[in-house]
Amino acid sequence: MEHKATSVLLLICITTIIILTSTEVDAIRCCLRSIPSKMIPKRMLVSVSKHYILDKSGICGIDAVILFTKRYQFCTDHAVLDRLNKLKRKRSRGKAE
């Protein structure tokens, strides 16, 4: 009986570790507050190196986009994706010329 209880406890511990390590990145990247995308200056958007999209069905329970620059990381609404795509298209057209 004691061996069975120890096995169950070990299984629970291993499962908990797996769950925590698989969601650890998402838990760290939850937005507590966000900036409206219209308030983000173009010069800041140009310096975005990557972005991470959150949605309500995820672990954070909010719709947001986390933007990463060399110095900062901040949250905004999904409308920023349109602005980022426009900047990306402009940059690619500028390089093609």
Side-chain angles (χ1 to χ4, degrees):
M1 182 73 167
E2 192 175 307
H3 179 67
K4 187 175 182 180
T6 304
S7 297
V8 170
L9 184 60
L10 182 62
L11 180 63
I12 291 171
C13 289
I14 291 172
T15 305
T16 303
I17 290 170
I18 290 170
I19 291 171
L20 288 176
T21 56
S22 66
T23 60
E24 185 176 7
V25 172
D26 290 336
I28 292 171
R29 293 184 176 166
C30 287
C31 296
L32 299 177
R33 62 176 187 248
S34 67
I35 303 167
S37 61
K38 291 180 180 180
M39 294 182 67
I40 301 171
K42 184 178 176 181
R43 62 181 164 71
M44 185 73 91
L45 289 178
V46 170
S47 65
V48 170
S49 58
K50 65 180 179 177
H51 65 277
Y52 186 78
I53 300 172
L54 302 174
D55 60 3
K56 284 187 179 180
S57 64
I59 194 165
C60 297
I62 62 168
D63 284 332
V65 178
I66 304 175
L67 301 176
F68 297 90
T69 66
K70 192 173 186 177
R71 294 171 142 191
Y72 305 104
Q73 161 180 328
F74 54 96
C75 297
T76 187
D77 54 63
H78 281 207
V80 77
L81 296 174
D82 291 333
R83 293 182 67 198
L84 286 172
N85 287 332
K86 284 180 186 177
L87 285 172
K88 186 177 177 182
R89 283 193 301 264
K90 278 185 178 181
R91 277 190 277 187
S92 66
R93 274 191 257 145
K95 288 180 182 177
E97 294 175 356

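Predicted, not measured: the structure shown is a model, and the values here were computed from it.
Residues Ile53 and Leu81 are in side-chain contact: their nearest non-hydrogen atoms beyond the backbone lie under 4.5 Å apart.
By the criterion of side-chain heavy atoms lying less than 4.5 angstrom apart, applied directly or through intervening Ile, Leu, Val, Met, Phe, Trp or Tyr residues, Tyr52 is not grouped with Leu32; the two fall into different hydrophobic clusters. By the rule that hydrophobic residues join a cluster once side-chain heavy atoms approach within less than 4.5 Å of another member, Val48 and Ile66 end up as members of separate clusters. Tracing side-chain contacts under 4.5 Å through hydrophobic residues (I, L, V, M, F, W, Y), one never reaches Ile62 starting from Ile40; they form parts of separate clusters. A continuous path of hydrophobic side-chain contacts links Phe74 to Leu84 [ILVMFWY only; heavy atoms under 4.5 Å].
Pairing each heavy atom of Cys75 with each of Arg33, the nearest pair is CB-O, 3.6 Å. Here the closest non-hydrogen pair linking Asp63 and His78 is C-NE2, 3.9 Å. Contact record, Phe68 with His51: CD1-CA, 4.2 Å, taken as the closest heavy-atom pair. For the residue pair Met44 and Thr69, the shortest heavy atom distance occurs at O-CG2, 4.1 Å.
At least 2.5 Å separates the SG atom of Cys60 from that of Cys31.
Rounding to the nearest 0.5 Å places NZ of Lys50 at 8.5 Å from CD of Gln73. To the nearest 0.5 Å, the span separating OG on Ser34 from CE on Met39 amounts to 11.0 Å.
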Inset, instruction - Report the C-alpha distance between Val80 and Leu67 in whole Å, list the side-chain angles of each, state the deciding distance to 0.1 Å, and finish with yes or no for side-chain contact (heavy atoms from CB on, under 4.5 Å). - result: CA-CA 9 Å; Val80 77; Leu67 301 176; 4.0 Å; yes
Inset, instruction - Step by step, work out the side-chain contact (heavy atoms from CB on, under 4.5 Å) result for Lys42 and Leu87. - result: CA-CA 9 Å; Lys42 184 178 176 181; Leu87 285 172; 3.5 Å; yes
Inset, instruction - Give the C-alpha distance, both sets of side-chain angles, the deciding distance and a yes or no for side-chain contact (heavy atoms from CB on, under 4.5 Å) between Asp77 and Lys38. - result: CA-CA 9 Å; Asp77 54 63; Lys38 291 180 180 180; over 6 Å; no
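Between the side chain of Ser37 and the main chain of Ala79, no donor-acceptor pair closer than 3.5 Å is present.
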